Structures are given as C-alpha cells and as structure tokens.
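Please read the structure below before turning to the comments.
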Amino acid sequence: MIKPLNFSFIPKIAVAITVLTVSCAKYKSTTIDPLPNPRVVETSLQKEMPFPMGAAVNVGLLKSNANYRNLVIKEFNSLTAENAMKFASVHPGKDTYNWTDADYLVDFALSNGKRVHGHTLNWYKSLPDWVNNFQGNTADWENLLKTHIQTVVSHFKGKVVSWDVVNEAINEDGTFRNSIWVQKLGVDYIGRAFQYAHEADPSALLFYNDYGHEFGPTKRTAILNLVNDLKNKGIPIHGIGLQMHTRVTQSDSNLAAAITTAAATGLKVHLSEIDIALNPDNIQTLTYTPDLAAQQAAKYKSIVKTYNGIPKTQQFGITQWNVCDADSWILSNYNRPDWPLPFNSQYQRKVAYQGILDGIK
Ligand code: XIL
C-alpha cells in the first residue's frame with residue numbers, strides 16, 4: 001500500500017524560518033502574522049488592485065536589504081522617495097546638487113517597470129542650513145525657490161511623472177503655516193511654485209500634498225479652498241495628495257469625507273503616505289494583538305473601499321509610507337512601538353494586507 005505523503009513538517013519549517021528570519025525590527029510582531037491564507041501568496045498588491053499601489057522607499061534599505069528590495073519589486077508599481085528628493089538631500093549647498101540617492105531610486109524604479117512620484121519640491125522641513133540662513137531680498141528668495149524647483153524637475157524630466165509641489169502649507173486651524181517661504185514670499189508663492197514646476201516639465205502631474213483631511217472640516221476646507229483657488233486661477237495643478245497618516249481610532253466617516261471631498265474637486269486623488277497607527281497614545285508597553293490587527297485590517301478596508309468608489313480617472317493610486325512595520329517613520333518619529341503598515345517586521349503580509357484586498361471586493 002502506498003503511504004500517504006506526510007506534509008506535517010511544513011508548518012514546523014515555516015515556524016523555523018520565521019524564527020530564524022533576521023528581524024529588521026526593534027519591536028517584533030507576534031505570531032499573528034503572516035496571513036494564514038495561502039491563496040494570496042502568489043499575488044501582489046500591484047496585480048490585485050485596480051489602481052497603482054506604491055511605497056515610500058528608503059534608498060539605504062533598498063541598497064542593503066534584500067528582503068526589502070524584493071518585497072518592493074514584488075508588491076508595488078509606484079515608488080516615492082522617502083527622503084532622497086527632499087531639498088536638503090538634493091540641494092545641500094547653494095550651488096551644490098547631489099543626485100546620487102535619488103538617481104539610484106529612479107533607476108531602480110524604471111528598470112523594474114515602476115512609476116516614480118516625486119516628493120517634494122517645497123516644504124518647511126528638510127531644508128538645509130544654507131536655506132534657513134539665507135540672506136537676501138524678496139527677489140533673491142524668489143530666485144532661490146524657482147531655481148531649486150526648476151533644477152530638480154528638469155533633472156528628472158521624463159522619468160518622474162508627478163510631483164508633490166507644495167507639502168503641508170496649511171495649519172490645523174485652517175490658516176497658512178508661517179513657513180520660511182510664507183515669511184519671505186507671502187502665500188502667493190504657492191501658485192508660483194506650481195507654475196515653475198510646470199515650466200520645467202509641462203507633462204508632469206502636479207499635486208498639493210497635506211495631512212489631516214480626515215481630522216474634520218476646518219483643515220480640510222482650508223486645503224480644498226486653496227486647491228480650488230489655484231484651479232480657478234488657471235494654475236497648473238492636477239492632483240491633491242492626502243497623506244493619510246491616520247490611526248485605527250479614526251472614524252470611517254471622517255476618512256470617507258476626506259476622500260470624497262477631495263474627489264469633488266475633480267482633481268486626481270493620491271492617498272500619498274498612508275499608514276494606520278495602532279498606538280496613537282504612545283503606550284510604551286503596548287503589544288500587537290489579534291484584536292488590533294483585525295481593527296487595522298477593517299480600517300484599511302474601509303479606506304480602500306471609499307477610494308475605489310471615486311471616479312477611475314481620478315484614482316492616482318495609494319502609496320504607503322515605508323515598507324514594513326520595522327522601518328516605519330512612526331516608530332522613530334514618535335519613539336514608540338507601533339505596527340502601522342500591511343507588512344510586519346519580517347516582511348510578511350499582515351491581516352491588514354487582506355484588508356486592502358477586501359476593500360475592492
Ligand atoms: C518623513 C520621513 O519618513 C522621515 O525619515 C524624515 O525624518 C522626516 O520626514 N509627511 C511627509 C513626509 O510629507 O515627507 C514625512 O517623511 C512624513 C510626514
């Protein structure tokens with residue numbers, strides 16, 4: 001008699017691999033992940049989803065970590081540089097540009113068939129000292145703004161299809177942030193930033209990017225007013241980026257309002273930096289539980305479902321900010337354990353990954 005094959009060793013091997021996998025994590029996920037459903041193993045976000053799926057990528061990890069690199073190649077078809085295209089990275093001295101990391105990322109993306117979204121031409125953060133200390137009159141500042149934008153956009157022309165032109169210009173109370181740019185140039189610099197980018201690459205899609213659309217109507221309305229005002233003035237703006245650094249306790253109705261009101265502008269909508277924090281109260285002893293994992297999956301599902309409901313032509317895509325939980329900026333920025341992404345610290349799919357897939361059912 002032929003003995004039936006015994007596959008009982010497979011779970012043991014899987015456990016052994018999990019244990020042996022060198023963690024990139026300070027805070028390891030528990031055995032809740034990976035997803036138990038083998039059906040999804042051969043698929044990927046880029047294959048399953050009806051719009052582009054992206055990640056913000058760290059060039060150091062891309063170069064040094066094969067798990068990271070392979071996951072990026074497999075799962076995503078759109079990439080954003082986490083930091084490599086920011087002002088301080090590419091323009092560290094008045095007459096010095098450093099393209100090394102950004103070019104590496106763009107070459108990696110294009111040779112793997114991925115779209116590149118540029119982030120960001122103008123922000124109040126990540127400025128080099130030479131800008132913060134710059135002495136000059138209004139015309140000198142205008143020239144600095146214009147030169148930076150046009151040099152960066154020209155460098156990547158034909159490779160980077162879209163840009164976050166201005167990032168985070170609005171405060172939570174709906175007023176304009178008193179950034180160095182507003183101090184030196186007034187709020188109308190925002191429109192000119194878009195015009196300068198458009199002059200340098202007329203084919204590039206240009207976005208205004210910000211966070212907190214889901215906080216409530218105050219900030220959201222101010223952002224929408226800004227964007228509509230730019231549109232009405234004939235400024236070349238093509239999209240609105242909703243960062244969506246959100247939390248598991250945020251209500252589905254607030255999240256839906258953020259997405260649908262952005263879509264009502266008629267512009268393309270990019271969920272440009274999504275992550276869903278499980279530990280917004282910074283509890284140092286919090287652990288990742290099946291309950292939290294399920295809540296997070298439901299939240300990803302709800303967001304994706306709403307996004308899938310806006311007109312197809314406006315779906316620029318969904319980009320998660322970072323790749324796996326261990327490299328999420330949330331952990332270092334807020335100095336706490338957290339598990340905000342669809343991949344755990346061992347680069348395995350979490351329950352949240354299934355939540356994303358369920359969002360388009
Ligand atoms: C963050 C990066 O992830 C960090 O590595 C860096 O130290 C600070 O910036 N909103 C944005 C992103 O638009 O550029 C930020 O990225 C996260 C918040």
Side-chain angles (χ1 to χ4, degrees), residues 24-26 54-65 68 72 76 78-92 101-102 104-105 116-129 131-132 148-149 152 160 162-172 177 179-181 190 193 197 206-215 219-220 223 226-227 239-247 250 258 262 269-277 280 316-336 338-343 345:
C24 59
K26 196 166 149 198
V57 168
N58 176 293
V59 176
L61 287 170
L62 196 61
K63 286 179 179 168
S64 65
N65 187 321
Y68 185 96
V72 168
F76 303 105
S78 178
L79 300 184
T80 302
E82 181 186 13
N83 291 308
M85 291 185 187
K86 288 174 182 169
F87 204 129
S89 303
V90 291
H91 194 173
D101 281 359
Y104 181 92
L105 174 59
V116 185
H117 173 70
H119 175 85
T120 172
L121 297 172
N122 179 267
W123 195 21
Y124 71 101
K125 281 186 177 164
S126 288
L127 294 173
D129 288 345
V131 172
N132 287 321
H148 175 76
I149 291 175
V152 176
V160 169
S162 51
W163 284 98
D164 290 333
V165 178
V166 175
N167 195 34
E168 300 182 353
I170 306 280
N171 290 314
E172 269 71 329
R177 191 184 295 280
S179 68
I180 196 164
W181 305 108
I190 295 173
L206 305 181
F207 285 74
Y208 174 75
N209 194 54
D210 213 327
Y211 65 90
H213 301 247
E214 70 280 16
F215 293 174
K219 180 163 185 176
R220 172 164 70 236
I223 293 170
L226 167 65
V227 162
I240 176 163
L242 278 59
Q243 293 184 7
M244 280 281 164
H245 293 293
T246 193
R247 44 183 68 188
Q250 183 57 267
V269 179
H270 184 198
L271 303 190
S272 56
E273 307 187 10
I274 195 168
D275 44 30
I276 303 181
F316 186 73
I318 298 183
T319 298
Q320 59 176 68
W321 203 250
N322 303 115
V323 173
C324 87
D325 281 344
D327 51 75
S328 165
W329 74 298
I330 298 279
L331 281 66
S332 49
N333 199 63
Y334 299 103
N335 190 28
R336 71 182 189 221
D338 213 323
W339 306 267
L341 293 171
F343 300 92
S345 300

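Every heavy atom of this structure was used, including side-chain atoms; hydrogens, water molecules and symmetry mates were not. Read the numbers this way: they start at 1 and go in the same order the structure lists the ligands and their atoms. Given the structure is predicted, the values throughout are model-derived calculations rather than measurements.
Polar contact with ligand 1: absent for Asn322 (N/O pair, distance under 3.5 Å). For ligand 1, the polar-atom distance check against Asn83 finds a nitrogen or oxygen pair separated by under 3.5 Å.
Of all protein heavy atoms, the one lying nearest to atom 11 (C) of ligand 1 is Glu273 OE1, 3.0 Å. Looking at atom 2 (C) of ligand 1, its nearest protein heavy atom turns out to be Glu82 OE2, 3.4 Å.
In this structure, CD in Gln243 is found 6.0 Å from CG in Asp210, a value given to the nearest 0.5 Å. Note: His119 NE2 to Asn209 CG = 6.5 Å, rounded to the nearest 0.5 Å.
Judged by the shortest distance from any of its heavy atoms, Trp321 lies inside the 4.0 Å radius around the atoms of ligand 1.
Among Met85, Lys86, Lys125, the residue whose heavy atom lies nearest to atom 1 (C) of ligand 1 is Lys86.
Relative orientation of the His148 and Phe87 rings is parallel, given thresholds of 30° and 60° on the angle between their planes.
Near Asn167, with a cut-off below 4.0 Å to any heavy atom, the atoms of ligand 1 are 11 (C), 13 (O). Within ligand 1, the atoms closer than 4.0 Å to a non-hydrogen atom of His119 are 11 (C), 12 (C), 13 (O), 14 (O), numbered from 1 in the order shown. Distances below 4.0 Å separate heavy atoms of Trp123 from the following atoms of ligand 1: 9 (O), 14 (O), 15 (C).
Trp329 and His245 have their aromatic ring centers within a separation under 6.0 angstrom.
In this structure a side-chain-to-backbone donor-acceptor pair under 3.5 Å is missing from Lys86 to Leu121. Put simply, the side chain of Trp181 never gets that close to the backbone of Asn122: no donor and acceptor are under 3.5 Å apart.
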Evaluate the criterion side chain to side chain contact (heavy atoms under 4.5 Å, CB included) for residue pair Phe207 and Ser272; output intermediate values, then yes/no. CA-CA 10 Å; Phe207 285 74; Ser272 56; over 6 Å; no

